[in-house]
Number of protein chains: 2
Amino acid sequence: MSRDEFSDSSVVKLTFASTAVQGGSMNQYKAEVIVVGGGLSGLSAAKLLREQGVDVVVLEARDRVGGRTFTIQNDKVRYVDLGGAYVGPTQNRLLRLAREFGVKTFLTNEVEDLAFFSRGGMKRFRGTFPPMGGLLSWLDMNNLFRTIDRLGEEIPLDAPWTAPHAAEWDSMTMQQFFDKHCWTRSTKTFMTMFVNVNVTSEPTEVSALWFLWYIANCGGMNRIFSTENGGQERKFVGGSQQISIKMAEKIGNDRVLLNHPVSKIEHKPSEVVVQDVNGNRYTAKYVIIAAPLPIQNKIIYDPPLPSLRNQLLQRAPMGSVIKTFMYYSTPFWRRKGLCGSSAIDDKDGLVGFTLDHVMPDGSHPALMGFILADKARRYVELTPDERKSRIAHLYSKVFQTDEALHPVHYEEKDWLGEQWSGGCYTTMMPPGFLTKFGSYLRRPIGRMYFAGTETATQWSGYMDGAVQAGERAAREILHTMGKIRADQIWQSEPEDMEVKPRPFNVSFWESNAPSVPGLLKLLGLTSLLSAAGAGGFVYYKYLR
Amino acid sequence: MSRDEFSDSSVVKLTFASTAVQGGSMNQYKAEVIVVGGGLSGLSAAKLLREQGVDVVVLEARDRVGGRTFTIQNDKVRYVDLGGAYVGPTQNRLLRLAREFGVKTFLTNEVEDLAFFSRGGMKRFRGTFPPMGGLLSWLDMNNLFRTIDRLGEEIPLDAPWTAPHAAEWDSMTMQQFFDKHCWTRSTKTFMTMFVNVNVTSEPTEVSALWFLWYIANCGGMNRIFSTENGGQERKFVGGSQQISIKMAEKIGNDRVLLNHPVSKIEHKPSEVVVQDVNGNRYTAKYVIIAAPLPIQNKIIYDPPLPSLRNQLLQRAPMGSVIKTFMYYSTPFWRRKGLCGSSAIDDKDGLVGFTLDHVMPDGSHPALMGFILADKARRYVELTPDERKSRIAHLYSKVFQTDEALHPVHYEEKDWLGEQWSGGCYTTMMPPGFLTKFGSYLRRPIGRMYFAGTETATQWSGYMDGAVQAGERAAREILHTMGKIRADQIWQSEPEDMEVKPRPFNVSFWESNAPSVPGLLKLLGLTSLLSAAGAGGFVYYKYLR
């Protein structure tokens with residue numbers, strides 16, 4: 001449907017009726033579909049429905065759209081994404097939306113060397129993963145990456161609970177997985193950081209099945225973690241929240257009601273009645289709930305949810321991250337031949353991962369830094385000024401210059417404290433969740449349908465997954481309405497014409513090098529191996 | 001304060017004012033303290049405050065008081081507790097309330113033998129824990145019980161996150177703890193059932209720190225698991241919900257407002273305004289929230305909660321249990337010399353644990369059975385009739401008679417589907433919860449105070465803990481009001497005059513028998529030990 005058709009569409013206008021309801025006279029509205037949540041997922045759903053001529057209303061709790069995307073503007077930063085920001089190849093749905101609204105992307109800088117800070121020292125490197133020191137460490141990490149990708153291939157992305165080893169992997173934490181598969185301390189340390197930065201949780205908290213699925217659903221280890229050719233390749237000129245703002249405009253700003261937290265959903269055989277916290281009631285044929293799982297628990301359901309969904313909503317908490325930006329007068333790291341990307345392993349350092357954040361025109365140089373998982377919990381009660389000062393000090397060690405001690409500005413966003421997100425980037429699923437509750441994640445309940453990036457099967461946890469989930473939920477309703485066929489609900493997305501994925505080069509040695517136990521076997525050290533194998537894990541220090 | 005003084009007290013009457021508020025004209029009320037939640041904990045708080053002359057209102061979401069205590073009455077059962085039912089020695093606060101209201105207790109029958117059903121066969125036994133077969137199993141289980149109690153003694157009950165090994169134990173699941181400490185398959189199997197029945201969750205889900213604390217907070221392995229001299233020693237004549245009903249009467253039924261789910265709390269420096277889902281507003285000086293943690297997440301907070309509490313409420317889900325009662329024309333198990341207590345290890349059997357449920361006068365014979373944790377999730381979508389039929393079949397195997405196939409009546413309660421409890425018996429805390437979020441569990445936030453059995457330090461998870469938590473929260477407010485001293489907030493409870501604890505006899509061998517690795521050392525099998533020790537676990541089958 002073209003833009004002109006859309007603006008001319010004879011969509012039923014939002015009807016209004018002042019009706020006496022329980023507790024006083026409150027307002028009553030009607031629409032065909034109510035969408036709960038005005039983030040990327042809810043707006044993607046509403047936009048698609050509206051383009052198909054469906055009368056839709058979006059109820060958003062906050063005073064803004066965009067959910068976990070949040071762009072601020074001021075003189076010191078021009079604009080900056082305090083929430084979701086990055087986009088890369090294979091995120092074709094998000095790229096399509098951006099293109100539709102004329103939102104351009106620009107490359108995240110990674111021209112110069114990357115930095116790996118560990119045990120008090122900094123090493124430069126190129127490529128996706130940092131240098132690990134000795135041969136055993138390299139073999140160990142190489143084998144672990146291969147293993148995670150290989151096991152991920154066994155997991156059906158749309159139903160990880162049906163994977164051949166689902167029960168086994170869902171009964172262990174990622175920490176147990178590392179204890180079983182890692183042979184060197186350095187690989188374990190790096191993999192902890194890898195879990196932290198990818199899912200803002202600790203390896204001791206997350207299910208191995210869920211984490212393996214999560215990596216696979218993003219296209220594998222290289223795709224998820226790379227800047228160039230990966231998830232962090234680009235950002236949006238003007239910020240990511242624009243896409244939600246422009247979607248709301250297209251849907252019609254009078255149909256996207258801000259400051260309307262939903263407190264109750266009555267779902268009946270014939271209709272749904274959604275009530276906001278002010279007592280206004282919205283009657284519709286269908287409702288799409290496009291909110292993080294714990295936030296859906298803020299709603300009272302009448303009748304109550306089925307038992308397993310009632311418990312599901314208690315069991316998938318949101319991750320813990322504070323996103324920070326340290327602004328400097330010059331991008332001093334580039335002068336030192338560093339691109340600004342760094343992975344930081346430091347016991348008391350707040351930030352675990354940085355990326356360059358300089359405007360496309362070279363102005364407003366800054367370092368983006370994530371405070372992740374346990375660090376976020378430990379340091380969230382400091383003041384922003386205390387965090388600023390400690391991070392500047394950390395950067396002076398990582399980038400090895402006192403220039404880092406003199407920022408000109410600081411921005412941050414504590415997502416742990418966000419009532420309407422619960423945390424960021426996405427949900428984390430603990431042991432037992434997927435196998436016991438997973439099949440309920442997006443199963444419709446009567447006239448209620450479920451969106452949100454947590455229900456996606458590609459780039460779940462990302463902006464792209466939010467779009468996939470929103471559009472899929474919208475098409476589930478279109479199908480129920482008889483407007484499309486069942487086989488049109490799930491649609492693959494054509495590849496973006498400009499942002500194209502390239503295969504990752506895998507060297508002969510990366511494919512064929514032995515694992516640590518493999519090497520020990522080759523060397524005939526099988527007795528050492530059998531003792532060690534019982535434990536499944538030997539610290540590097542015992543081996544070198 | 002005597003009962004007469006109470007009824008004569010000149011408590012300020014609930015004031016009422018019809019006031020125009022946002023969205024239409026809704027009602028506005030005032031009180032000194034609002035209690036959110038009319039279960040045992042909220043009512044205990046309100047009762048204590050009322051006895052001190054404080055003007056208090058209780059807002060309850062359900063159409064009844066009692067929360068997770070729920071007594072039904074009909075001809076087939078006379079009365080039966082579909083929720084919390086058991087009470088025993090050291091639960092002195094609950095016993096004191098029962099005594100105040102003239103509610104008597106009666107003994108759970110355990111005169112005859114107990115049954116342990118495993119690998120298709122039934123063994124009779126006496127005492128708390130079933131016979132485990134061979135010597136190694138006995139040594140292993142004996143050592144594990146000692147170990148759990150010994151480690152529990154290291155944990156401060158009011159601050160488990162400060163235990164010397166808190167970080168280590170909170171980074172592992174109870175499954176990992178068993179993998180580390182159990183040497184025999186039979187002990188592992190039994191301990192899985194032990195976790196299931198005590199906390200309605202799986203060992204793969206729960207933090208070892210939390211579980212060790214939980215056992216310790218109930219007085220140890222013997223106290224929590226025993227019928228005689230333990231947590232299941234007695235039930236209340238007439239059912240446990242009576243205590244809540246009688247508390248509500250004493251508080252004043254006009255002050256306990258049913259069908260009033262709270263949707264929002266505005267907590268300001270000067271006052272709190274609690275809004276129910278119908279838009280009615282209640283202004284007070286203080287609020288006590290006495291609801292399970294995930295249910296507290298149903299409320300919108302203005303201003304939002306501190307970051308760590310915002311995330312805490314997402315991270316402590318409620319356990320999974322369906323409580324069942326199978327009624328028969330005669331207590332056939334007693335005729336076979338079995339008391340009705342059984343522990344059941346059966347892959348497809350629904351029920352994992354039974355107790356005799358015959359009325360004190362011998363009428364209405366029944367078996368109480370819990371469907372626990374994964375079994376509850378697996379079988380919750382069966383119909384009640386299907387569950388009835390499968391359980392009757394299971395009982396025919398456990399109690400070895402076809403009489404079990406012919407029940408005369410069946411009652412059950414699926415707690416997973418309860419919107420206002422979220423599950424039963426109590427919350428389960430996953431790895432990382434206590435060390436990262438625990439200190440926020442009952443820390444007041446401005447004028448908001450926290451009760452609920454989850455915040456107790458003795459018998460948390462039980463009715464007795466609910467009373468402790470409610471009374472403590474009430475006294476926190478009395479202290480803030482200047483009515484009591486700080487050192488009067490936490491009060492120990494005198495021992496009940498009739499229901500008295502006795503020490504558990506620990507035999508010489510129970511204290512001094514070696515563990516499995518200890519035995520192997522004694523036998524000089526240290527080479528076997530060192531290979532096995534690396535794994536920390538050897539299946540019994542390899543050892544015998």
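A note on names: the letters A, B, ... follow the listed sequences, proteins ahead of strands, and every chain is numbered from 1.
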Report task. Give, as side chain, backbone, both or neither, the part of A/V380 having an atom under 4.5 angstrom from any heavy atom of chain B. Result -> side chain
Query - Any side-chain heavy-atom pair of B/K436 and A/D374 under 4.5 Å - result: yes
Report summary line: Heaviest contributor of heavy-atom pairs below 4.5 Å to chain B, chosen from A/I299, A/L313, A/T173, is A/I299
Query raised in the report: Measuring heavy-atom distances to chain B, does A/E381 have an atom under 4.5 Å in its side chain, in its backbone, in both, or in neither?
Result: side chain
**Report entry** Which atoms of A/P431 approach chain B - backbone, side chain, both or neither, heavy atom under 4.5 Å
**Finding:** both
Report task. Considering only heavy atoms and a distance below 4.5 Å, find which of B/A61, B/A376, B/S320 pairs most often with chain A. Result -> B/S320
Query raised in the report: Does B/G417 offer a backbone N or O that forms a donor-acceptor pair with the side chain of A/R309 under 3.5 Å?
Result: no
Query raised in the report: Is A/Q175 close to B/S171 at the side-chain level, that is, under 4.5 Å between some pair of heavy atoms?
Result: no
Query - Non-hydrogen side-chain atoms of B/W420 and A/I300 separated by less than 4.5 Å - result: yes
**Report entry** Nearest atoms (heavy-atom pairs only) where B/R377 meets A/F437
**Finding:** NE-CZ, 3.6 Å
Report task. Could you tell me whether the side chain of A/N297 reaches within less than 4.5 Å of the side chain of B/K298, counting heavy atoms only? Result -> yes
Query raised in the report: Hey, which of B/T204, B/D170, B/N310 has the most heavy atom pairs under 4.5 Å with chain A?
Result: B/N310
Query raised in the report: Okay, side chain of A/Q314, backbone of B/T427: is any donor-acceptor separation there less than 3.5 Å?
Result: no
Requested in this report: Measure the shortest side-chain to side-chain distance between A/L308 and B/L416 over non-hydrogen atoms and say whether it is less than 4.5 angstrom.
Outcome: yes
Query raised in the report: With distance as the sole test, does A/Q311 use its side chain to make a donor-acceptor pair with the main-chain N or O of B/G422 at under 3.5 Å?
Result: yes
